Every structure is written in structure tokens, then in C-alpha cells.
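Note sheet for the following structure.
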Amino acid sequence: MRIANVVSDSIVDGPGLRVTVFTQGCPHHCPGCHNPDTHDPAGGREAAVEELAARLFANPLADGLTLSGGEPFCQAAECAALAELARSKGLNVWTYTGYRYEALLDMPEAQALLAATDVLVDGPFVEGLKSYDALFRGSTNQRLIDVPGSRAAGQVVLWQRPDPLAHFTRPES
């Protein structure tokens, strides 16, 4: 697959410590994009899915894989293969896209990647809606979609951030 970069210790592309693969090539060209170098589909470098999986698995602290861009759905088959490998090791997968979830449902080539994605951050970056308070998003129009929940419900289900303290027992008073 064609990639722009890999970050082995991201804390901004989803919860926990993540390995983020920035795919190369994007048809959206969102004004104000913070990754404009990823737009050219001929840029970046070639990387085998197995090479990227090895880098992911080499990080014992990684909570998950994030596919960003560029546009991961322009290389949906390769991204799906990497996402499936990550999930086979118990890691969660987040995918960023400039497409809306509803549009992806109508794209046959997107189905395998959607099926291997836990959370989809959808929609184009809109510079006028840019917000540093938008959790794991660049602009407030983008949604954090619970993909398995949405597929089961037949409608968009937004991701809810889990309570990081929920697993602790609270003494009764």
C-alpha cells in the first residue's frame, strides 16, 4: 500500500497509545487540511501490509491501530487487511475518512474496511468548524461512529468514550 508516514506512539488519533498509519492519496483536498502532503496519490512510499503489521505488533504498549490519511478508503482493501490483522491480535481499529458513513455504505469496495473498523471518524475537515475541543476530531462536523453498533442498529450510533475508572471497585459508604 502507499503510505505517507507511520507514527508509533500517537495519543491524538483515538484513545490510548496508538500506531497511526497515514495513507497516501486523498481526493477531498479539504481547505486547511493538516496533512496536505498526503493528497498526491503518487507521493509517499510503498509499504507491505505485513511490514506495517510487524511495526504495529512490535509496540507492546499499543492499544490500537489508527488509519488516517490521506484517505484510507482509497486503499480500502489494503487497509482492511491491516485492520483485520490488528483485530486478530485484540487491538481496536479507528479509521479517519473524509467520506460520510452513509456514502461509504453505498460503496462496495468500502465494506471490508468498514467491517474491520471499530470507530469511524467521518466527514470532511471544515476549517470554519475547526476546534481543539473536538475530541479526536479536527472539526465539529465530524462524527465518532461506533461502526459495529451502527451496523447492528441499521442507523448511526455515536461512539461513547468509556469511563476510564469504571473497572475500579468503589467502596460502599
Side-chain angles (χ1 to χ4, degrees), residues 1-26 28-30 32-41 43-76 78-99 101 104 113-127 129-148 158-165:
M1 64 190 283
R2 196 131 194 101
I3 66 165
N5 194 17
V6 178
V7 175
S8 296
D9 55 359
S10 174
I11 58 170
V12 298
D13 298 314
L17 188 68
R18 311 191 67 76
V19 173
T20 302
V21 175
F22 292 91
T23 61
Q24 185 69 37
C26 183
H28 307 296
H29 304 277
C30 301
C33 173
H34 77 271
N35 291 331
D37 293 345
T38 66
H39 293 180
D40 180 3
R45 69 175 180 90
E46 287 291 323
V49 169
E50 296 76 18
E51 169 196 339
L52 298 171
R55 186 155 176 191
L56 171 64
F57 301 147
N59 184 343
L61 300 177
D63 293 302
L65 168 69
T66 296
L67 298 166
S68 190
E71 174 55 65
F73 283 93
C74 287
Q75 300 182 68
E78 295 87 348
C79 287
L82 180 58
E84 289 165 2
L85 287 171
R87 291 188 68 186
S88 76
K89 299 288 187 184
L91 299 173
N92 65 74
V93 176
W94 281 47
T95 304
Y96 282 73
T97 181
Y99 294 108
Y101 175 71
L104 291 171
L113 181 51
L114 276 177
T117 296
D118 295 294
V119 175
L120 182 76
V121 183
D122 85 328
F125 171 74
V126 177
E127 196 167 19
L129 298 176
K130 179 179 180 177
S131 172
Y132 293 110
D133 293 327
L135 181 66
F136 304 129
R137 299 170 292 153
S139 55
T140 56
N141 64 297
Q142 295 170 315
R143 301 177 293 181
L144 300 170
I145 297 175
D146 174 341
V147 176
L158 298 179
W159 176 76
Q160 299 295 314
R161 187 177 201 174
D163 178 356
L165 303 177

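Computed from heavy atoms alone, side chains included, the values below leave out hydrogens, waters and symmetry copies. Nothing here was measured: the structure is a model prediction, and the numbers come from that model.
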From [atom1] ([X]) to [atom2] ([Y]), nearest 0.5 Å:
{"X": "Leu82", "Y": "Arg55", "atom1": "CG", "atom2": "CZ", "result": "12.0 Å"}
{"X": "Leu65", "Y": "Lys89", "atom1": "CG", "atom2": "NZ", "result": "14.0 Å"}
{"X": "Lys130", "Y": "Thr140", "atom1": "NZ", "atom2": "OG1", "result": "12.5 Å"}
{"X": "Ser10", "Y": "Phe22", "atom1": "OG", "atom2": "CZ", "result": "6.5 Å"}
{"X": "Glu46", "Y": "Ile3", "atom1": "CD", "atom2": "CD1", "result": "9.0 Å"}
{"X": "Cys79", "Y": "Glu71", "atom1": "SG", "atom2": "CD", "result": "9.0 Å"}

Nearest heavy atoms of [X] and [Y], plus distance in Å:
{"X": "Val12", "Y": "Tyr96", "answer": "O-OH, 3.9 Å"}
{"X": "Thr38", "Y": "Ala4", "answer": "CG2-CB, 3.6 Å"}
{"X": "Arg2", "Y": "Gly43", "answer": "NE-O, 2.7 Å"}
{"X": "Leu61", "Y": "Leu17", "answer": "CB-CD2, 3.6 Å"}
{"X": "Ala58", "Y": "Pro60", "answer": "O-CD, 3.0 Å"}
{"X": "Pro15", "Y": "Trp159", "answer": "CG-CZ2, 4.2 Å"}

Enumerate, atom names and distances included, each donor-acceptor pair closer than 3.5 Å involving a side-chain atom of residues 113-124, sequence neighbours excluded.
residue	atom	partner	partner atom	Å
Thr117	OG1	Thr95	OG1	2.9
Thr117	OG1	Leu113	O	2.7
Asp118	OD2	Val93	N	2.8
Asp122	OD1	Arg143	N	3.3
Asp122	OD1	Arg143	NE	3.1
Asp122	OD2	Tyr101	N	2.9
Asp122	OD2	Arg143	NE	3.3
Asp122	OD2	Arg143	NH2	2.6

For residues [X] and [Y], is any side-chain donor paired with an opposing acceptor at under 3.5 Å?
{"X": "Asn59", "Y": "Ser8", "result": "no"}
{"X": "Glu127", "Y": "Ser139", "result": "no"}
{"X": "Ser131", "Y": "Asp133", "result": "no"}

Could you walk me through whether Thr23 and Glu78 pass the side-chain contact (heavy atoms from CB on, under 4.5 Å) test, one step at a time? CA-CA 10 Å; Thr23 61; Glu78 295 87 348; over 6 Å; no

Atom CG of Leu158: over 12 foreign heavy atoms under 6.0 Å: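 Yes, enclosed.
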
NE2 of His34: more than 12 outside heavy atoms within 6.0 angstrom? no

With side chain to side chain contact (heavy atoms under 4.5 Å, CB included) as the test, pick out the partner of Val19 among Leu91, Thr66, Val6, Val7.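 Among Leu91, Thr66, Val6, Val7, the one meeting side chain to side chain contact (heavy atoms under 4.5 Å, CB included) with Val19 is Val6.
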
Side chain of Gln24, backbone of Asp40: donor and acceptor closer than 3.5 Å? yes

Any donor and acceptor pair, going by atom type alone, linking the side chain of Asp63 with main-chain N or O of Asn92 inside 3.5 Å? no

Partner set under salt bridge (Lys or Arg N to Asp or Glu O under 4.0 Å) for Arg137, not counting sequence neighbours: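 Residues passing salt bridge (Lys or Arg N to Asp or Glu O under 4.0 Å) with Arg137: none at all.
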
